[in-house]
Amino acid sequence: MSGSSGSPLPISPTTLLETFIPGYGPIHKFVLYSFGFDVTVLVSLGAALWLAARIGRSIWKVLKGAVTSNWMAEISVSSTDEIHTHLLHFLAFQYRTRGSRRLIADTPTKSAWELDGEETEALDTTMDANGNIKWLNFSNQEAKTQPRFTPAIGSHNFWHNGTFFQLSRKEVTMFDEMGGGGSTLKDKEILTLSCFGRSTNPIKALMQDAKEHYHRGHNVKTIIKRPAPKDLRRWGGRGAWVKIAERPCRPMKTVVLDEKRKMDVLADINEYLNPVTARWYANRGIPYRRGYLFYGPPGTGKTSLTFALAGVFGLDIHVVSLLEPTLTEEELGMLFTNLPPRCIVLLEDIDTAGLMRNDPESDDAKKKAEVDPANTELNVATLTKALKKAHESDEDRKKGISLSGLLNIIDGVASHEGRVLVMTTNRPENLDDALIRPGRVDHQVSFSNANQHQAKELFERMYANDLPRTRLQPSATQNGPIPARPLEEKISLNGDLKKELTPPATPTSNGYIITDTAKEKPDAIPDSKLLNQVIEDVQGEELRMLAQKFAENIPDNRFSPAELQGFLLKRKKDPRKARDEVGKWVEEMMEVKRTGGKLVPQ
Ligand SMILES: Nc1ncnc2c1ncn2[C@@H]1O[C@H](COP(=O)(O)OP(=O)(O)OP(=O)(O)O)[C@@H](O)[C@H]1O
């Protein structure tokens, strides 16, 4: 009777497990008698490992917390700022080349221009054996689009330029005030980058790299932005503007306009954008702002010139439609204060923008209706309009942009300085004097329908051979900048303004430049056979003769460049056909214009 003594028995691991795990005893006995194996050893080992892991994790947490707070630097970025986009682009690039196991895949949106990459070959339209034309087919383009991979929500580590970085990507949900007392839940993403050391400089350098990576090639692109959707605008900051398009810079030489007028605008903006000018304005207490009014008939190149200017000066275009129903004065003011230091703000068709005014017309109409009972039909209509206006609620009045609100935003005390404001209109006579007074509009450029000289230029431009794609040469930015000559020197040297107005050799997305002629670069890659082969034989003197003949058929100031471009585009491979058919087209067009018809001859 060994166990009957007074001293207590030591508790065995099996007894302990039996106490904590219901049913352990029978299982233990079953395994022991059936297989001769004491499962307690295994379970005890597992429990010891689990405990060690818990303790280890707790110690790790404490240590990590101590290291993070004392020996690590971190910077967080919210998804409402554009740096977030830069970082994601950069990380997508990084993570494509490294083997991370937790990624988020998304389908990137590509513009039509991005399909025309460096290595893009021209597609030929061919015929099959039965003589059927095989048209180009893009039905499987979605299938070919490669997903973009970015780090998944959670923590990630990576090396960049010899520094170890930690990235934490997390989503936060927050209440967003909707106005009118309501609120909604909104998801926002926070990226936190950290690195060892007490300085945030490596992270700042990484962010700079990400920014440069994102903007690489943007010197050959013009970025077009518009106000973000209402709920995103709410966050303010640069996120109040979203990129809607990115297209190759429009060369200045493709805008057919009187050279002096073009040169005046270029010189004026060039002078204005010079950082020294800002100080000059400040010293004299003049607000550092410049406004331009481009006016003239539709399709005469107002928007085209704005894009070409953006390309020359490397500015983004911020397009605002004052007709957008959800845009309030307050928001427009906030959007103007969140513009980058240098940019173009484009307000198109400012006369049709529907600016709200204190409209005396309705009162007049009402009085007229009362004193002129003979004109009943008209009076009922105008009176209804006037009464409708009178019953507009205060809420309705608050919506939209009033003229005084816009004037305030353009040059009020809080208005942004450094931007180039371009307003375009087809009807300058309808504009309020206050809108175009000096200080708001400093330079006016008139556009008109094409004269014969411009028609000739359009023709030559349409049929000029494209520059062959050439191998890329490292750009000046990589080997030091091209020394600049002063503008006056450029003008006086050869008196040929046209050459100088054209931006220099086009840089490309990789920081390279496309060289000018195929002759200089023997390893030229042949370009589109389709287009060039047909028109190759019509170049030089013959092209000039055809252009001359074409232009002689075009009456001065009757057709807009857009109309002529439309005619030429339909004959884009055949300049001789264009010359032969222009006479008939002009006759028909004149008839359409005389009768006020809408359907134009092809
Ligand atoms: N002066 C021009 N030089 C070259 N192309 C032109 C010119 N004017 C118009 N075009 C061509 O016509 C089309 C319309 O031009 P654009 O949008 O610049 O005209 P717009 O004056 O801004 O017209 P709208 O007043 O209707 O907005 C474009 O494809 C452009 O290439």
Side-chain angles (χ1 to χ4, degrees), residues 111-113 222 224 226 244-245 247-266 291-312 315 317-323 344-354 420-431 436 441 443-464 466 497-498 501-503 547 550-551 554-572 578 585 589 593 598 600 602:
S111 69
W113 309 111
T222 298
I224 302 130
R226 53 156 289 158
I244 47 162
R247 54 164 79 161
C249 292
R250 179 163 186 156
M252 187 53 87
K253 65 182 176 196
T254 66
V255 182
V256 176
L257 183 69
D258 173 57
E259 286 303 322
K260 175 154 178 354
R261 245 177 276 176
K262 226 194 252 184
M263 188 64 194
D264 281 351
V265 187
L266 275 165
Y292 297 82
L293 179 71
F294 294 173
Y295 64 93
T300 48
K302 299 178 289 296
T303 314
S304 305
L305 181 66
T306 312
F307 275 84
L309 288 169
V312 170
L315 301 173
I317 299 183
H318 292 67
V319 188
V320 183
S321 167
L322 298 177
L323 288 175
I344 292 179
V345 181
L346 177 62
L347 296 180
E348 279 208 283
D349 300 325
I350 192 81
D351 53 303
T352 54
V420 173
L421 177 68
V422 176
M423 293 190 270
T424 69
T425 180
N426 298 147
R427 287 181 230 98
E429 63 282 359
N430 287 359
L431 296 180
I436 52 172
V441 168
H443 194 108
Q444 302 187 352
V445 184
S446 94
F447 290 73
S448 50
N449 286 333
N451 57 27
Q452 290 198 341
H453 176 74
Q454 289 167 333
K456 184 168 177 256
E457 216 178 314
L458 277 167
F459 188 96
E460 286 179 5
R461 183 95 51 227
M462 179 66 69
Y463 297 108
D466 285 344
L497 294 183
K498 213 156 119 189
L501 290 176
T502 305
F550 169 81
I554 307 289
D556 272 342
N557 301 320
R558 297 306 297 266
F559 296 104
S560 70
E563 286 169 327
L564 296 181
Q565 180 181 284
F567 169 81
L568 293 172
L569 266 177
K570 294 208 178 72
R571 294 147 184 92
K572 67 173 178 292
W585 178 80
M589 278 297 281
K593 283 178 188 262
K598 297 273 180 254
V600 295
Q602 301 300 300

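Start at 1 and go down the list; that is how both ligands and their atoms are numbered. For this chain, numbers begin at 1 and follow the sequence in order.
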> Quick one: nearest non-hydrogen protein atom to atom 31 (O) of ligand 1, plus distance?
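Of the protein heavy atoms, Gln565 OE1, 2.9 Å lies nearest.
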> Do Phe559 and Lys593 touch side chain to side chain, with heavy atoms closer than 4.5 Å?
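Phe559 vs Lys593: side chains touch.
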> Under 4.0 Å from any heavy atom of Val255, which atoms of ligand 1 are there?
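Matching atoms, with element in brackets: 3 (N), 4 (C).
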> Out of curiosity, is Thr424 lining ligand 1, as in a heavy atom under 4.0 Å away?
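No, that is not the case, since the closest heavy atom of the residue is not under 4.0 Å from the ligand.
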> What is the minimum heavy-atom distance between Thr222 and Ala310, and which atoms define it?
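Shortest heavy-atom contact: CG2-CB, 3.8 Å.
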> Identify the protein heavy atom lying closest to atom 3 (N) of ligand 1, giving its residue, its atom name and the separation to 0.1 Å.
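Its nearest protein heavy-atom neighbour is Val256 N, 2.7 Å.
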> Using side-chain heavy atoms (C-beta onward) and a distance below 4.5 Å, is Val445 in contact with Phe294?
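A side-chain contact exists here, since the closest heavy-atom pair is under 4.5 Å.
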> Look at atom 21 (O) of ligand 1 and say which protein heavy atom is nearest, naming residue and atom and giving the distance to 0.1 Å.
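Closest protein heavy atom to atom 21 (O) of ligand 1: Lys302 NZ, 2.7 Å.
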> For atom 4 (C) of ligand 1, find the nearest protein heavy atom and state the residue, atom name and distance (0.1 Å precision).
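Result for atom 4 (C) of ligand 1: Thr254 O, 3.1 Å.
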> Counting only heavy atoms not in Arg261, do more than 12 sit closer than 6.0 Å to its CZ atom?
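Yes, because the 6.0 Å sphere around CZ of Arg261 holds more than 12 heavy atoms from other groups.
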> Checking a contact table here: which protein heavy atom is nearest atom 15 (O) of ligand 1, and how many Å away?
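Going by distance alone, atom 15 (O) of ligand 1 is nearest to Ser304 OG, 3.6 Å.
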> Are a donor atom and an acceptor atom from the side chains of Arg250 and Ser304 found within less than 3.5 Å of each other?
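Distance-only check passes for Arg250 and Ser304.
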> For atom 14 (C) of ligand 1, what's the nearest protein heavy atom and its distance?
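The answer is Ala562 CB, 4.0 Å.
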> So, regarding Pro561 and ligand 1 (criterion: nitrogen or oxygen to nitrogen or oxygen, under 3.5 Å), is there a contact or not?
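No - when backbone and side-chain N and O of Pro561 are compared with those of ligand 1, no distance drops under 3.5 Å.
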> Identify the closest protein heavy atom to atom 22 (O) of ligand 1: which residue and atom is it, and at what distance?
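Result: Thr303 OG1, 2.6 Å.
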> Specify the closest pair of heavy atoms between Arg558 and Glu563, including all atoms of both residues, with the distance to one decimal.
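That would be O-OE1, 4.2 Å.
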> Would you say ligand 1 has an N or O under 3.5 Å from any N or O of Asn426?
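For ligand 1, there is an N or O atom that lies under 3.5 Å from one belonging to Asn426.
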> I want to check something: taking the side chain as every heavy atom from C-beta on, are Asn449 and Pro297 in contact at a cut-off of under 4.5 Å?
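A side-chain contact under 4.5 Å exists here.
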> Give me the nearest non-hydrogen protein atom to atom 5 (N) of ligand 1 as residue plus atom name, then the distance to 0.1 Å.
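Going atom by atom, the protein heavy atom closest to atom 5 (N) of ligand 1 ends up being Arg250 NH2, 3.4 Å.
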> So is Pro298 polar-close to ligand 1, meaning N/O to N/O under 3.5 Å?
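Checking ligand 1 against Pro298, no N or O pair falls under 3.5 Å apart.
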> Less than 4.5 Å apart, side chain to side chain, heavy atoms only: is that true for Phe307 and Ile224?
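Counting from C-beta outward, Phe307 and Ile224 do come under 4.5 Å.
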> According to the interplanar angle, ranging from 0 to 90°, do the rings of Phe550 and Phe567 count as parallel (below 30°), tilted (30 to 60°) or perpendicular (above 60°)?
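Parallel, since the angle between the ring planes stays under 30°.
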> Geometry only, no angles: is Gly299 polar-contacting ligand 1 at N/O separations under 3.5 Å?
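Min N/O separation from ligand 1 is below 3.5 Å for Gly299.
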